[in-house]
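To keep things clear, I will list the structure first and then write my remarks on it.
Computation of the quantities below employed the complete heavy-atom set of this structure, encompassing side-chain atoms and omitting hydrogens, waters and symmetry-equivalent molecules. Keep in mind the model is a prediction, meaning the values are calculated, not measured.
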Number of protein chains: 2
Amino acid sequence: MSTRERILDAAARVMRERGVAHATTKEIARAAGCSEALLYRHFDDKQGLFMAVLQERMPAFALPDDAAGTGTVEGNLVRLVGGLLDFYADSFPISASIFSSSTLLARHREAIAAHGAGPQVPHLRLQAYLEAERKAGRVRPDADVEAVARLLVGAALHHAFLVAFWGEGNAAEPGLGERLVAPVLPALLTG
Amino acid sequence: MSTRERILDAAARVMRERGVAHATTKEIARAAGCSEALLYRHFDDKQGLFMAVLQERMPAFALPDDAAGTGTVEGNLVRLVGGLLDFYADSFPISASIFSSSTLLARHREAIAAHGAGPQVPHLRLQAYLEAERKAGRVRPDADVEAVARLLVGAALHHAFLVAFWGEGNAAEPGLGERLVAPVLPALLTG
DNA sequence: ACGGTGTTAGTAAGTATTCACTCACACCTC
DNA sequence: GAGGTGTGAGTGAATACTTACTAACACCGT
């Protein structure tokens with residue numbers, strides 16, 4: 001693994017485990033097993049390093065390839081929500097830390113706007129899946145798919161928030177995906 | 001207004017507007033219009049001041065008094081979700097900042113555990129309302145009220161997250177409460 | 001009424017430490 | 001020997017926190 005990658009891993013680890021406030025250059029260098037000076041060979045400054053972590057060490061949000069029309073809507077939704085729960089569990093600690101600095105937030109916002117990425121992507125993707133199912137006739141034509149997408153994505157985010165707050169202890173909650181999907185099914189399914 | 005209150009207001013304002021990273025003692029003192037030394041007359045240390053802000057300047061989450069059995073379930077839920085949207089819109093910026101420091105998070109967690117407060121309160125309260133309605137026979141006996149509460153609370157939190165990320169611009173979204181409540185109604189209402 | 005005594009509210013000017021960041025220099029490979 | 005990779009030893013600035021001090025005010029015995 002290249003030094004740059006080691007530094008990025010170390011920085012991400014410190015940010016996750018101790019919070020951005022403690023993610024000092026000294027702490028990151030110690031975690032990466034190198035000198036502080038070396039950080040500056042690979043990154044312009046500390047904010048540049050943070051930005052690289054945000055862009056290269058945020059867990060990718062990959063919804064499984066569009067399964068619209070295959071399997072059952074319920075099964076697909078459960079799988080998608082499971083992916084959302086994992087995604088937010090991994091990304092929430094670092095995402096939240098962005099809000100600790102207005103300047104970091106502003107830079108991140110600009111960087112992200114350029115890529116078409118951003119925090120609205122998950123619910124837009126889920127919404128797109130539901131729209132495809134609606135087009136396929138497996139979801140009621142009058143269903144508010146945007147609202148449903150927001151409910152499901154929100155519940156996943158909320159769960160990550162609680163886990164991050166209370167510590168790693170109560171992380172996995174088996175069957176949560178199924179339980180979250182069930183209440184919105186009557187509003188979705190053609191009947 | 002007492003000096004202590006002025007300092008708390010100033011600290012909360014700086015934390016909100018510029019983020020905890022920029023909430024230095026100097027900055028807070030300047031915002032409060034006093035000397036840094038005075039901060040230490042009223043608080044043990046900076047973390048103590050932050051803790052006081054978290055405990056005394058977080059917007060109170062007040063669900064309107066238990067309306068179970070009155071009005072319509074839909075109307076009550078819309079009102080409750082509206083309250084949640086306001087609550088999270090106000091509290092998210094400061095809540096998120098807790099995660100910037102593992103030690104601050106740990107202290108806040110302990111302080112909160114003592115009060116029986118914490119981030120699980122909103123969805124427990126909403127869940128309690130739904131259970132009351134179930135007992136009153138206005139919600140299906142087989143409805144998963146916990147899952148529904150998590151969906152609605154999560155969607156409100158998610159909305160606050162997006163607003164905090166993109167700036168104050170796209171804050172109010174009229175009719176959002178109604179749209180979020182509608183998809184869970186079929187799973188709740190007795191038919 | 002008046003001086004003495006203590007308390008409260010406030011600050012200017014520090015100190016020690018930590019922070020992000022730099023630089024001169026060493027080591028290595030080609 | 002040139003250029004990439006790496007470091008020890010710093011630097012000035014910023015930070016959290018302290019100290020020594022003042023002005024205002026309340027209380028009280030005489």
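A donor-acceptor contact shorter than 3.5 Å links the side chain of B:Arg13 to the backbone of B:Ala31. Side chain of A:Asn76 to backbone of A:Thr70: a donor-acceptor contact under 3.5 angstrom is found.
Between A:Glu27 and A:Arg30, at least one side-chain N (NZ, or NE/NH1/NH2) sits under 4.0 Å from a carboxylate O, which counts as a salt bridge.
No donor-acceptor contact under 3.5 angstrom links the side chains of A:Ser101 and A:Gln47, judged on distance only.
For the segment residues 35-48 of chain A, residues with any heavy atom less than 4.0 angstrom from an atom of DNA chain D are, sorted by number, A:Ser35, A:Ala37, A:Leu38, A:Arg41, A:His42.
Separating the NZ atom of A:Lys26 from the P atom of C:dA20 is a distance of 10 Å, rounded to the nearest angstrom. For the pair B:His22 NE2 and C:dA20 P, the computed distance is 12 Å after rounding to whole Å.
At least one side-chain heavy atom of B:Phe161 sits under 4.5 Å from a side-chain heavy atom of A:Phe99.
Among the candidates B:Val20, B:Leu8, B:Ile7, the single residue satisfying the side chain to side chain contact (heavy atoms under 4.5 Å, CB included) test with B:Val53 is B:Leu8.
With a heavy-atom cut-off of 4.0 Å to chain A, the contacted part of DNA chain D has its first and last nucleotide at D:dG6 to D:dG8.
The shortest heavy-atom contact between A:Phe50 and A:Ala23 is CZ-O, 3.6 Å. Between A:Val181 and A:Val81, the closest heavy-atom pair is CG2-CG2, 3.8 Å.
Proximity of A:Thr25 to the phosphate of C:dC19: no side-chain N or O atom is located under 4.0 Å from OP1 or OP2.
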